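Reviewing the structure listed below.
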Amino acid sequence: MAQHKIITSQWIQNLPKVELHVHLEGSITKEKALQIWQRQDKQVTTSFIDKLYSFNDFNGFLQALIQTMRLLQVEDFYDITCQFLAQAAEHNIVYSEVFFTPFLCSIRDDLPLAAVLEAIEQGVKKMKQEKNVDMRLIFDAPRNCGIEAVTETVRQAANTTSGLVIGVGLGGDEANFPAKDFIQPFAYAKSLGLARIIHAGETAPVESIADAVYLLHANRIGHALGLSQHDELQDYIKQNEITLDLCLTSNKRTNLIENITDHPVKEYSQQGLPITINTDDPGFFQTNLSNELSILVNQFHYTPNQVKALIANAVNASYMPIEEKRNVFAKLAKY
């Protein structure tokens, strides 16, 4: 136990970090949400935003997120990107891979994708210069909108020339829109060399993870709850180095686990599964990566070396250039 005592909150905050499962739109803070809503309706108050952010299940969270996303303008994406990376710098997150939903642009005439991506890119450039932090985008496809929307998201990712986009994701309702419905677009993504990062095992049983792995050839799985029920799938994941991007506070806030200690993170670690720790939607869940790592220390008794090993997992599983990976590994080794 003596080893645990040296892990202070400052040690965790200053630890060099990489985050792989976080949504740009989900990083919107209460303060930014108030600005966005008041632009639509001057009568909106902080109490309205507090209520919006006080959901207690997955559907409530989705409704709060979607309602806010529908009000976003091009300039908001610059602000959100800068705010997201400013908080990353505060917690020494040197690199992030961030979900963004281009389908929002596809259904709105006043939100051209090119302009939104330019706003995000300008935010990244500014914060990289000022704070020495960096990020890449994962184009997240909404499975609820059907195969055409998912296919269009893959096309949009393939046609982006900024260098920001490293892959495509699949989010939304796993139970009613299973992975098997999207084999074709993800085979196309694989043929293009795009990473495939799939939400699975969040709101559906372990079979959803199996389909994401076997049918969609996922490189990483987001959430991956319930995997302990499937030994064969665990072996396949380990053998093929498919990383599991876990999100503890997210699963608690959306009522997918009753208590934070019910999360299988420690069990997965002991089973040798490749895992990372992430915030998912830090603005809406009012968390940060330092807080998530503190949960591991305080609730699951992780040691300093175990915490650093999780960051090393994230570096390995990321799509950072190799030289940047070496730099982060060197920082971790010295820390």
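Residue numbers start at 1 and run along the sequence shown. What you see is a predicted model; the values in this text were computed from it and never measured.
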Handout entry: Contacts of Tyr319 that satisfy ring pair (Phe, Tyr, Trp, His ring centres under 6.0 Å) - sequence neighbours left out
Key = none
Handout entry: Flag for Ser208-Glu174: side-chain donor and acceptor within less than 3.5 Å
Key = yes
Handout entry: Phe55 and Phe285 aromatic ring geometry - parallel, tilted or perpendicular at 30°/60° bounds
Key = perpendicular
Practice task
Evaluate side-chain hydrogen bond (donor to acceptor under 3.5 Å, both in side chains) for Glu19 paired with Thr279, printing each intermediate quantity in order.
Solution key: CA-CA 8 Å; Glu19 182 167 21; Thr279 58; 2.6 Å; yes
Exercise for the section: Classify the side-chain pair Asp173/Asn176 by whether it contains a donor and acceptor separated by less than 3.5 Å. Expected result: yes
Practice task
Please name all residues satisfying side-chain contact (heavy atoms from CB on, under 4.5 Å) with Gln83, sequence neighbours left out, ordered by chain then number.
Solution key: Thr29, Lys32
Practice task
Answer with yes or no whether the side chains of Asp245 and His223 bring together a donor and an acceptor at under 3.5 Å.
Solution key: no
Problem - Under the ring pair (Phe, Tyr, Trp, His ring centres under 6.0 Å) test, residues paired with Phe329 that sit two or more places apart - result: none
Problem - Check: Gln306 side chain, Thr303 main-chain N or O, donor-acceptor pair, under 3.5 Å - result: yes
Practice task
May I ask you to check whether Asp140 and Thr101 show a side-chain donor-acceptor distance below 3.5 Å?
Solution key: no
Problem - Pair Tyr302-Ser269, side-chain donor/acceptor within less than 3.5 Å - result: yes
Practice task
Keeping to residues at least two apart or across chains, list the ring pair (Phe, Tyr, Trp, His ring centres under 6.0 Å) pairs with something in residues 141-190.
Solution key: none
Problem - pair Ile166-Leu137: side-chain heavy atoms closer than 4.5 Å - result: no
Problem - Flag for Ser162-Thr160: side-chain donor and acceptor within less than 3.5 Å - result: no
Handout entry: Side-chain (Tyr335) to main-chain (Trp11) donor-acceptor, under 3.5 angstrom
Key = yes
Handout entry: Cluster check Ile242, Leu233: I/L/V/M/F/W/Y, side chain < 4.5 angstrom
Key = yes
Problem - Heavy-atom donor-acceptor pair, Gln38 side chain to Val44 backbone, under 3.5 Å - result: yes
Handout entry: His23-Phe284 aromatic ring centre distance below 6.0 Å
Key = no
Practice task
Indicate yes or no: at least one non-hydrogen side-chain atom of Lys252 is less than 4.5 angstrom from one of Thr249.
Solution key: no
Problem - Intermediate values then yes/no, side-chain contact (heavy atoms from CB on, under 4.5 Å), Ile260 and Ile295 - result: CA-CA 8 Å; Ile260 205 77; Ile295 291 170; 3.9 Å; yes
Problem - Listed once per pair and sorted, the salt bridge (Lys or Arg N to Asp or Glu O under 4.0 Å) pairs that draw on residues 92-108, sequence neighbours left out - result: Glu97-Arg220, Arg108-Asp110
Practice task
Using modelled atom types only, decide if a donor and an acceptor are shared between the side chain of Tyr53 and the backbone of Ala33 within a distance under 3.5 Å.
Solution key: no
Handout entry: Lys180 atom NZ: more than 12 heavy-atom contacts under 6.0 Å
Key = no
Handout entry: Minimum-distance pair of heavy atoms, taken over all atoms of Thr287 and Glu292
Key = OG1-OE2, 2.6 Å
Problem - Lys266 side chain to Pro264 backbone, donor-acceptor under 3.5 Å - result: no
Problem - Those residues that, when tested against Glu258, pass side chain to side chain donor-acceptor pair (under 3.5 Å) (two or more places apart) - result: none
Problem - Test item: Thr81 and Val98 side chains (from C-beta on) under 4.5 Å apart, heavy atoms - result: no
Practice task
Any salt bridge (Lys or Arg N to Asp or Glu O under 4.0 Å) involving residues 151-171? Give me the pairs, sequence neighbours left out, ordered by first then second residue.
Solution key: Glu152-Arg155
Handout entry: Partner residues of Phe300 under the ring pair (Phe, Tyr, Trp, His ring centres under 6.0 Å) criterion, sequence neighbours left out
Key = none
Problem - Asn278 and Thr276: side chain donor to acceptor below 3.5 Å - result: yes
Problem - Heavy-atom neighbours of Gln67 CD exceed 12 at 6.0 Å - result: yes
Practice task
Can you tell me which residue pairs pass the ring pair (Phe, Tyr, Trp, His ring centres under 6.0 Å) test with a partner in residues 141-173, sequence neighbours excluded?
Solution key: none
Problem - Min side-chain heavy-atom separation Thr68-Leu52 under 4.5 Å - result: yes
Exercise for the section: List for me each residue that meets side chain to side chain donor-acceptor pair (under 3.5 Å) alongside Gln122, sequence neighbours excluded, and say none if there are none. Expected result: Glu118
Exercise for the section: Sequence neighbours left out, what pairs pass ring pair (Phe, Tyr, Trp, His ring centres under 6.0 Å) with at least one residue falling in residues 121-155? Expected result: Phe100-Phe139
Exercise for the section: To the nearest 0.5 angstrom, please state how far the OG atom of Ser318 sits from the OH atom of Tyr95. Expected result: 5.0 Å
Exercise for the section: Would you indicate whether Glu241, at its atom CD, is surrounded by more than 12 heavy atoms from other residues, nucleotides or ligands within a distance under 6.0 Å? Expected result: no
Exercise for the section: Determine which pairs satisfy ring pair (Phe, Tyr, Trp, His ring centres under 6.0 Å) with at least one residue from residues 236-266, sequence neighbours left out, and list them in order. Expected result: Tyr214-Tyr236
Problem - Atom CZ of Arg39 with >12 non-hydrogen neighbours under 6.0 angstrom - result: yes
Exercise for the section: Would you indicate whether Lys308, at its atom NZ, is surrounded by more than 12 heavy atoms from other residues, nucleotides or ligands within a distance under 6.0 Å? Expected result: yes
Exercise for the section: Could you tell me whether the side chain of Asn219 and the main chain of Arg196 form a donor-acceptor pair under 3.5 Å? Expected result: yes
Problem - Ion pair check, Asp134 and Arg136, cut-off under 4.0 Å - result: yes
Handout entry: Nearest non-hydrogen partners of Leu194 and Ala158, listed with the distance
Key = CD1-N, 4.3 Å
Exercise for the section: Would you check if the side chain of Lys238 reaches a backbone N or O of Gln271 as a donor-acceptor pair within less than 3.5 Å? Expected result: yes
Handout entry: Residues Lys30 and Asp50 bridged, charged N to O under 4.0 Å
Key = yes
Handout entry: More than 12 heavy atoms of other groups within 6.0 Å of Asn132 CG
Key = no
Exercise for the section: Taking the side chain as every heavy atom from C-beta outward, state whether Leu216 and Asp211 have any pair of such atoms under 4.5 Å apart. Expected result: no
Handout entry: Criterion side-chain contact (heavy atoms from CB on, under 4.5 Å) on Val265 and Ile277, from CA distance to verdict
Key = CA-CA 9 Å; Val265 56; Ile277 303 301; 3.9 Å; yes
